[in-house]
Amino acid sequence: MVGDARSAGKGWAGRRTEERNSPERSAAHGPCATLASPVATHPHAEALPFELRPFIGHLPHDDIQAAARRARRLGVGGDQVLIAQGTTDATAATGLLAAHLGLAVVDPDGIAAPQDAATAEAVLRTGVCVESPAGTRPRFTLAARGRDVRRLALALRRDPALAGRVRLAEPGALRRTVMAAAGPVLAQAAVARLPARDPLKSAATLDPKRVLGRIALVVGLPLAALLALAPEQGVLLVQALLSLVFLGWVSLRLAACTYDPPADLPPTLDDRQLPVYSLLVPLYREAASVPHLVAALGALDYPPEKLDIKLVVEADDAGTRAAIAALTLPPHMEEVPVPAIGPRTKPKALAVALAAARGSFIAVYDAEDLPEPDQLRRALEAFRHGGPNVACVQARLAIDNGDDSWIAASFAAEYAAQFDVLLPMLSALGLPILLGGTSNHFRRRVLDEVGGWDPFNVTEDADLGIRLARAGWQTRVISSTTFEEAPVSTRAWLGQRTRWLKGWAQTLLVHLRQPKALMADLGVGPALALLLLAAGPFAAALVHPFCVALLLADMLRGVIGLPRGSLAEALTSALTFTTLFAGYAGTAAITWVGLRRRARVPGLKVVLGIPFYWLLLSAAAWRALFELLRRPHHWQKTEHGVARHRVAQAAALRRSGSMGVAKRPPAGPAHAASAKA
């Protein structure tokens, strides 16, 4: 049977203290060196790291020496450099290493993949698969690279008989075999992890009908009685309470306009200090975006030897998988298929892929993303400067197709307000942040600690931001930008916004199931700020049509500004109109500030279109409410790759077959996060 790779791996590779006390070259003088005597007698072998010696006689000496120099500078294995640079491939490297060590190479079909989730995840993280047949000593299948090769050579030198129980596997083949065999149990474990660990913080255990029914009983019945007994006073009370929420939300946004965030600290870590970084990129029906995405990720300023990029795709998404297969992915990128088990949501896919991620830091990107090249380095600097309590760094998102349509321009303006104005202030004040769905950077150990993403929440980003805050972790916002594509049609925008608003309502209901615990975890002030940020937009969207209807009715009757029949009626009308116009003015103000920080000016179309944009938000909010009751876990897919300039870029990449560096969009009108008319 397959054993626990985490504990068994220590037998041959876990003696890091002993390795540090032994010269690196000591492995070259053990039994394994006699298995490759031409290499052992080569005049340059002694000066090379052990993992490069198998390539002597097979690759040009200059290439091997260059790999050794780069490996020393990066703090990685020389063989990892050769593979990352394309000097050799992973299969050939494994074969040469096995021959040098006198070990067998296992065929992928011969790997006894684990069948339980815990062991499968351990194998994926460590590259060590252990078989323990009854009555025999354990046998090891190893995906060794870099410094693990040195440790393996040292273990073989100490115990030559170990060679009969060790075989090598190409790392990618081992991961694919494990994912193919254990994918279903990994998916089941991902779906069950958070509900089992903390059921009251998962949307899986939320019954929206029941919760909303209780709210209706607790709030609705007294309100109905009040309206029946004292209609004017009841309406005034409702309007006053709603206005308090709306005006608090507007005030928070206006306060953000006065905060000028400082510039990011420049990255200070050299390449040797950089950790392994895993990027998870969930894809679903994204065939058109794949070439652009791979080029954009290839442009990141980060050593590929320390990158672990997972293209996470649904196992039955034939179109996207074919688009990936049509490309020659670089060695640090690979496809991770997600079995169709549990809800078909982005967070479920992320939770499955996390099991295969090898980095100590994790970032999430979407299919249409174009991050600035130095974003990973700047995120690490924010982690370093913020201290150990910073668990998440959120990069800013900006829209680069604002000229495609009015709805895209309005979306671009909204993003500028959110990511360039509001979130930096919340970060500076240490308040909870509803994360954006992409360009979040996490400490891996913290993700594991809080249970990762909730597969049943359709705004997993917002929910995770709250759970991190409740657990005492902090989130920082950096100015590094990821350029995104906005929906270009009202229909596409409506579907996306319906899901977002449904998810915010879902998240609120989950965390308000225990209001005392929420207050205790966050503190009263941060909890109230969270309620304003999450409940304010949703409530405003729900009641906005009624406020507009009241305004239009008064205009048609010609009674605006005239004396009212009672004080209650006058106060109700005043509160309604004040809230309405304060909301419009506040949105215009924060939009103007956000776009100015992007060196843009909002066009008249966007400013004058705010009331109409809000009406669309209202339609999405009401749709979200009904969908929350009918299909709480349904994921509304947003189509990407339809923006004019992105279609052209993808077509050019397909024609050229290039996997070259993607450039940051220039500041021209076609690429600006602008909202020009």
Exercise. Do the side chains of Val281 and Leu293 get nearer than 4.5 Å, heavy atoms only?
Worked result: yes
For this session: Using the test salt bridge (charged side-chain N to carboxylate O under 4.0 Å, His left out), find all partners of Glu335 that sit at least two apart in sequence or belong to another chain.
Result: Arg321
For this session: Measure from the side-chain N and O atoms of Glu484 to the backbone N and O of Asp400, and report whether any donor-acceptor pair falls under 3.5 Å.
Result: no
For this session: Evaluate the criterion side chain to side chain contact (heavy atoms under 4.5 Å, CB included) for residue pair Thr345 and Glu460; output intermediate values, then yes/no.
Result: CA-CA 9 Å; Thr345 60; Glu460 79 296 333; over 6 Å; no
Problem set entry | Qualifying salt bridge (charged side-chain N to carboxylate O under 4.0 Å, His left out) pairs, either residue in residues 417-440, two or more places apart | Arg396-Asp420, Asp420-Arg598
Problem set entry | Ser405 side chain vs Ser489 backbone, donor-acceptor pair below 3.5 Å | no
Exercise. Do we get Arg499 above Trp635's six-membered ring, with its NZ or CZ under 6.0 Å from the centre and within 45° of the axis?
Worked result: yes
For this session: List in chain and number order the residues that pass salt bridge (charged side-chain N to carboxylate O under 4.0 Å, His left out) with Asp271, two or more places apart in sequence or in another chain; answer none if no residue qualifies.
Result: Arg73, Arg377
For this session: Compare all side-chain heavy atoms of Ser439 with those of Asp369 and state whether any distance is below 4.5 angstrom.
Result: yes
For this session: For Arg443 and Val390, indicate whether the former's side chain and the latter's backbone hold a donor-acceptor pair under 3.5 Å.
Result: yes
Exercise. Does a donor on one side chain sit under 3.5 Å from an acceptor on the other, for Asn457 and Thr459?
Worked result: yes
Exercise. So, Glu368 and His292: side-chain donor and acceptor under 3.5 Å apart, yes or no?
Worked result: no
Exercise. Quick one: does Gln273's side chain have a donor or acceptor within less than 3.5 Å of a partner on Asp270's backbone?
Worked result: yes
Problem set entry | Mutual orientation of the aromatic rings belonging to Trp500 and Phe411 [parallel < 30°, tilted 30-60°, perpendicular > 60°] | tilted
Problem set entry | Side chain Lys346, main chain Asp366, donor-acceptor under 3.5 Å | no
Problem set entry | Ile362 side chain near Leu354 side chain, heavy-atom distance below 4.5 Å | yes
Exercise. Just by modelled atom types, is the Gly402 backbone N or O under 3.5 Å from a matching donor or acceptor in the Asp404 side chain?
Worked result: no
For this session: Take atom CZ of Arg491 as the centre, draw a 6.0 Å sphere, and report whether it contains more than 12 heavy atoms from other residues, nucleotides or ligands.
Result: no
Problem set entry | With Asp448 via salt bridge (charged side-chain N to carboxylate O under 4.0 Å, His left out) - residues at least two apart | Arg125, Arg444
Problem set entry | Heavy-atom check, side chain of Leu376 versus side chain of Leu307, under 4.5 Å | yes
For this session: Please examine the side chains of Trp504 and Pro537, heavy atoms only from C-beta on, and report whether any two atoms are closer than 4.5 Å.
Result: yes
For this session: Start with the C-alpha gap between Leu530 and Leu431, add the side-chain angles, then the distance that decides, and say whether side chain to side chain contact (heavy atoms under 4.5 Å, CB included) holds.
Result: CA-CA 8 Å; Leu530 172 64; Leu431 295 174; over 6 Å; no
Could you give the side-chain donor-acceptor pairs of residues 381-389 under 3.5 Å, partners two or more places apart or in another chain?
residue	atom	partner	partner atom	Å
Glu381	OE1	Thr268	N	3.1
Glu381	OE1	Thr268	OG1	2.7
Glu381	OE2	Thr268	OG1	3.4
Glu381	OE2	Arg384	NE	3.3
Glu381	OE2	Arg384	NH2	2.7
Arg384	NE	Thr268	OG1	3.4
Arg384	NH2	Thr268	OG1	3.4

Exercise. To the nearest 0.5 Å, what is the distance between CG (Leu265) and CZ (Arg378)?
Worked result: 10.5 Å
Exercise. Under 3.5 Å, is there a donor-acceptor pair between the His511 and Arg470 side chains?
Worked result: yes
For this session: Give a yes or no on whether the ring-centroid distance for Phe361 and Phe442 is below 6.0 angstrom.
Result: no
For this session: For the pair Lys201 and Asp463, find out whether any cationic side-chain nitrogen is under 4.0 Å from an anionic carboxylate oxygen.
Result: no
Exercise. Can Leu628 and Gln506 be said to form a side chain to side chain contact (heavy atoms under 4.5 Å, CB included), step by step?
Worked result: CA-CA 7 Å; Leu628 181 64; Gln506 192 179 49; 4.1 Å; yes
Exercise. Heavy-atom distance under 4.5 Å between the side chains of Asp461 and Leu434, does that happen here?
Worked result: no
Problem set entry | Whether Arg596 side chain and Thr591 backbone form a donor-acceptor pair below 3.5 Å | no
Problem set entry | Test item: side-chain donor near acceptor, Thr475 and Gln394, under 3.5 Å | no
Problem set entry | Under 3.5 Å donor-acceptor, Lys502 side chain and Ala621 backbone | no
Problem set entry | Check: Ser410 side chain, Trp406 main-chain N or O, donor-acceptor pair, under 3.5 Å | yes
For this session: Take Leu533 and Leu422 through the test side chain to side chain contact (heavy atoms under 4.5 Å, CB included) and record every step on the way to the result.
Result: CA-CA 10 Å; Leu533 291 169; Leu422 181 61; 3.9 Å; yes
Exercise. Is there a donor-acceptor pair under 3.5 Å between the side chain of Lys310 and the backbone N or O of Glu334?
Worked result: no
For this session: Flag the pair Leu464 / Asp454 as yes when at least one side-chain heavy-atom distance between them is below 4.5 Å, and no otherwise.
Result: no
Exercise. Does the ring center of Trp249 lie less than 6.0 Å from the ring center of Phe538?
Worked result: no
For this session: Could you tell me which non-hydrogen atom of Val593 sits nearest to which non-hydrogen atom of Val421, and how far apart they are?
Result: CG1-CG2, 3.9 Å
Problem set entry | All side-chain contact (heavy atoms from CB on, under 4.5 Å) counterparts of Val338, not counting sequence neighbours | Val312, Glu314, Lys348, Ala349, Val352
